[in-house]
Every structure is written in C-alpha cells, then in structure tokens.
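Notes follow once the structure below has been shown.
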Amino acid sequence: MPDLASPLIAWYRENARDLPWRRDGFGAWGTLVSEFMLQQTPVSRVVPRLEEWLARWPTPADLAAAPPADAVRLWANLGYPRRALWLHRAATQIRDRHDGVVPRDVDALLALTGIGDYTARAVAVFAYGDRHPVVDTNTRRVLARAVDGRSQPGPPAKSDLAAMAAILPADDEDAAVVNAAAMELGAIVCTARAPRCEACPLAAVCAWRAAGYPDTGDDRRKQARYEGSDRQARGAILKALRDAEGHPVPADEVASEWPDAAQRDRAVDSLIADGLVEVTDGALHLPR
DNA sequence: GACCCGTGGAA
DNA sequence: TTTCCAAGGGT
C-alpha cells in the first residue's frame with residue numbers, strides 16, 4: 001500500500017482550519033463536548049454553541065450539577081436532543097466514577113453514555129495524544145476512495161478501525177495528525193459531492209482516481225423523509241418546551257404544536273421514554 | 001444488522 | 001421544490 005500518512009501530514013500542516021478545539025490547551029472536557037456536538041451536526045453550527053456551553057459549564061462537575069433541562073435548553077437547535085441528555089449523563093458519570101476528570105482509557109470512555117467507537121477514540125487521541133484509529137464519516141470516504149477505489153464508502157463496519165490503523169505511522173503525535181488530517185481532507189477536499197481532486201494531496205496515490213473515478217454505487221441506507229415524520233413531531237413539541245423556559249406546558253397547548261393526535265401521542269410517549277420530557281399535573285416539561 | 005433519532009444549509 | 005448531507009450512537 002502506498003504511503004498515505006506523509007502527504008496527509010504535510011497537507012494538514014498547511015491547510016487545517018482554525019477551529020476552537022484545535023487550540024493549544026483546549027482541554028479534554030472541551031474536546032468531549034465538541035465531539036458530542038459534532039455527532040451529525042456541521043462544524044459551522046457547533047462553534048457558537050460550544051463556546052456558550054463551556055462558558056456556562058467549564059467542567060464535567062459543573063454540568064452534572066445542573067438540571068438536565070438546562071442542558072437540553074442550551075442545546076437549542078443543534079438537533080438530536082438526546083445527545084444533550086446523554087452528555088449530561090456522561091458528565092455525571094465522569095464526576096462519580098472518575099473524580100470529575102475525563103478518562104483517557106478508551107474502554108472507560110466507551111462505558112460513558114453517548115460515547116461510541118468514534119467519540120471514545122477521538123477524545124483519547126485529540127485530547128490525550130494516544131495512538132488509536134479515529135474513524136468518522138469523512139475518514140471512511142477518504143479510505144474508500146484512496147485505498148479501495150470506490151466512489152462512496154459502504155455502511156460503517158468494525159473493519160473500518162483496522163483500515164485506518166493500517167495507515168497510521170508509529171509515532172503517537174504523527175498518528176494523531178494523520179487521524180485529524182483524514183477527517184479534514186474528507187471535510188474540505190474529498191467531499192461527498194463534487195470532490196476537489198485537483199487540490200488533493202493523495203491524488204497521486206488515489207486508487208479511485210487511478211481507476212478513472214468509477215461510480216461504484218452507494219449501499220448506504222438512505223435517510224428517511226423528515227417532513228411529516230415522527231422526528232419532526234418530536235422536534236416541534238420539544239421546541240415548545242424549550243421555549244417555555246421552564247414553565248410546564250399544558251397538554252392542550254402541546255396539542256396545537258402538532259395537530260395529528262395519534263402521531264402527537266406517539267411522539268410524546270417516545271420523548272418520555274427517552275427522558276426528554278416529564279409530566280407533572282397534566283403539563284409537560286423538560287427533565288428536572 | 002435494521003431502524004430510530006433533529007435541524008438547517010447547499011445543490 | 002426536493003434531495004442530500006453533516007466529526008454517530010443507542011436499542
């Protein structure tokens with residue numbers, strides 16, 4: 001296999017975006033919060049919320065001491081509000097199990113609510129400098145093209161970690177840069193649509209380019225339609241609760257947020273099951 | 001492994 | 001207007 005690490009490192013030194021979590025001394029807690037927010041949400045929308053969040057809760061213990069409702073409210077429109085709840089739970093677990101210090105061990109990180117293969121290794125690598133493969137959607141696309149000669153990656157698989165590990169250099173710091181560089185390249189050059197191959201540091205060694213950019217198909221699962229979905233109903237109801245700023249919302253007012261009664265009931269039930277909504281005296285509110 | 005979970009910008 | 005896509009993870 002050609003050397004991908006060297007061109008990635010050189011390219012990253014010159015082209016990496018200046019992002020908050022890349023500042024010196026950003027800290028493991030900041031890294032953890034940023035990674036939660038970046039799960040399926042674009043960088044541009046995360047940056048302002050992240051600054052706000054860390055100003056209010058500078059440590060895991062600070063967040064753990066706040067009611068979950070505050071976390072859900074400050075999450076605002078970042079999407080997938082369960083992540084706000086999970087981040088609050090993770091902060092509580094960090095306080096209770098790890099003396100308030102974000103763990104460094106991957107297995108300890110994986111044991112926290114809302115942290116999976118990607119986030120656990122991202123924290124261990126970017127916050128602590130350890131050597132692990134970090135694989136996100138950008139990295140999977142870069143590897144699918146440069147190594148496998150495919151136009152799009154397949155569905156996420158356990159083998160993704162081994163594929164990334166195979167291109168990591170031995171040195172810890174270099175490995176961390178290669179992890180970050182693969183993600184960055186996928187984000188700004190080797191993009192899903194209209195990749196900028198003329199600006200790619202891997203062009204000379206890219207298997208997909210060498211093969212003449214074949215369309216190898218796309219076997220990823222398509223995202224379900226959002227308009228009219230249960231997700232949209234949940235979103236509308238939860239937005240109303242966030243906007244109520246702590247005041248419980250009576251059931252009849254919730255009804256006006258989503259007219260379809262059956263779908264509304266289903267949405268409320270699922271929000272309660274997720275712990276995002278509680279009911280007191282017939283009125284809905286965020287978890288206290 | 002399949003399916004579920006928000007939101008908004010870009011093409 | 002519709003579709004695609006975004007530093008994933010839990011069940």
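The structure presented is a predicted model; accordingly, all values stated were derived computationally and were not measured. Order of the sequence lines sets the chain letters (A, B, ...), proteins ahead of strands, with each chain counted from 1.
- At a cut-off of 3.5 Å, with distance as the only test, no side-chain donor of T191(A) or R196(A) sits close to an acceptor on the other residue.
- Residue G79(A) is in base contact, counting any heavy-atom pair closer than 4.0 Å across all strands shown.
- The same atom, C1', is picked in dG10(C) and in dG1(B); the two are 14 Å apart, to the nearest Å.
- In the set dG8(C), dC5(B), dC4(C), the nucleotide with an atom closest to the side chain of R231(A) is dC5(B).
- DNA chain C is contacted by both N138(A) and G114(A); N138(A) maps to the nucleotide lying nearer its 5′ end (nearest heavy atom per residue).
- Contact annotation: T119(A) side-chain N/O to dG9(C) OP1/OP2 distance is under 4.0 Å.
- OP1 and OP2 of dG8(C) both lie 4.0 Å or more from every side-chain N or O belonging to R121(A).
- Note on A122(A): nothing from the nucleic acid sits closer than 4.0 angstrom, heavy atoms only.
- dA7(C) sits 22 Å from dC3(B) when the C1' atoms are compared, rounded to a whole Å.
- Contact check on R23(A) versus D18(A) returns no salt bridge, with no Lys/Arg side-chain nitrogen under 4.0 Å from an Asp/Glu carboxylate oxygen.
- The interatomic distance linking D274(A) (CG) with dG6(B) (C1') rounds to 12 Å, in whole Å.
- Not one side-chain nitrogen or oxygen of Q39(A) sits closer than 4.0 Å to the OP1 or OP2 atom of dG8(C).
- Using a 4.0 Å heavy-atom distance criterion, P81(A) is classed as a sugar-phosphate-only contact.
- No hydrogens or angles were tested; on distance alone, a donor-acceptor pair under 3.5 Å links the side chain of R45(A) to the base of dT7(B).
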>> Using the rule given for ring pair (Phe, Tyr, Trp, His ring centres under 6.0 Å), can you reason through W29(A) versus W57(A), listing the C-alpha separation, both sets of side-chain angles and the distance that settles it, and then say yes or no?
In response: CA-CA 10 Å; W29(A) 172 238; W57(A) 298 303; 9.0 Å; no
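- At whole-Å resolution of the value, OH in Y226(A) and C1' in dT1(C) are 18 Å apart.
- On a pure distance criterion of 3.5 Å, a polar donor-acceptor pair joins the side chain of R82(A) and the base of dC5(B).
- T113(A) and Q93(A) share a side-chain donor-acceptor pair at under 3.5 Å.
- Note on R242(A): a side-chain N or O is less than 4.0 Å away from OP1 or OP2 of dT7(B).
- Donor-acceptor pairing under 3.5 Å, judged by distance alone, is absent between the side chain of Q223(A) and the base of dC4(C).
- Looking at heavy-atom distances under 4.0 Å, W86(A) makes contact with sugar-phosphate atoms alone, never a base.
- Side-chain atoms of S44(A) stay outside donor-acceptor range of the base of dG9(B), with no qualifying N/O pair under 3.5 Å.
- Going from atom CZ of R89(A) over to atom P of dG10(C) covers 11 Å, rounded to whole Å.
- Using a 4.0 Å heavy-atom criterion, one finds that L19(A) contacts the bases of the nucleic acid, with or without backbone contacts as well.
- Computed from coordinates, the L38(A) CG to dG8(C) C1' distance equals 11 Å when rounded to whole Å.
- Between V43(A) and I115(A), the residue whose closest nucleotide on DNA chain C is further toward the 5' end is V43(A).
- If you take OH of Y118(A) and C1' of dG8(C), they are 9 Å apart, rounded to a whole angstrom.
- Nucleotides dC5(C) and dC5(B) place their C1' atoms 16 Å apart, quoted to the nearest Å.
- Nucleotides of DNA chain B nearest to P156(A) and R234(A) differ in position, and the one nearer the 5' end is that of P156(A).
- The gap from the C1' atom of dT1(C) to that of dG8(B) amounts to 16 Å, rounded to the nearest Å.
- Note on N77(A): a side-chain N or O is less than 4.0 Å away from OP1 or OP2 of dG8(B).
- Rounded to whole Å, the distance from CZ on R83(A) to C1' on dA7(C) is 11 Å.
- Distances shown here put every side-chain N or O of Y80(A) at or beyond 4.0 Å from the OP1 or OP2 atom of dG9(C).
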> Which is it for Y118(A) and E35(A) under the side chain to side chain donor-acceptor pair (under 3.5 Å) test, yes or no, and what are the steps along the way?
Replying inline: CA-CA 9 Å; Y118(A) 165 75; E35(A) 296 299 350; 2.7 Å; yes
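- In this structure, D117(A) pairs ionically with K158(A), as a charged nitrogen and a carboxylate oxygen lie closer than 4.0 Å.
- For the pair W75(A)/R83(A), a side-chain contact is recorded, criterion being any heavy-atom separation below 4.5 Å from C-beta on.
- Across the protein-nucleic acid pair, L78(A) atom CG and dG6(B) atom P stand 13 Å apart, rounded to whole Å.
- Rounded to an integer number of Å, the gap from CZ of R141(A) to C1' of dA7(C) is 11 Å.
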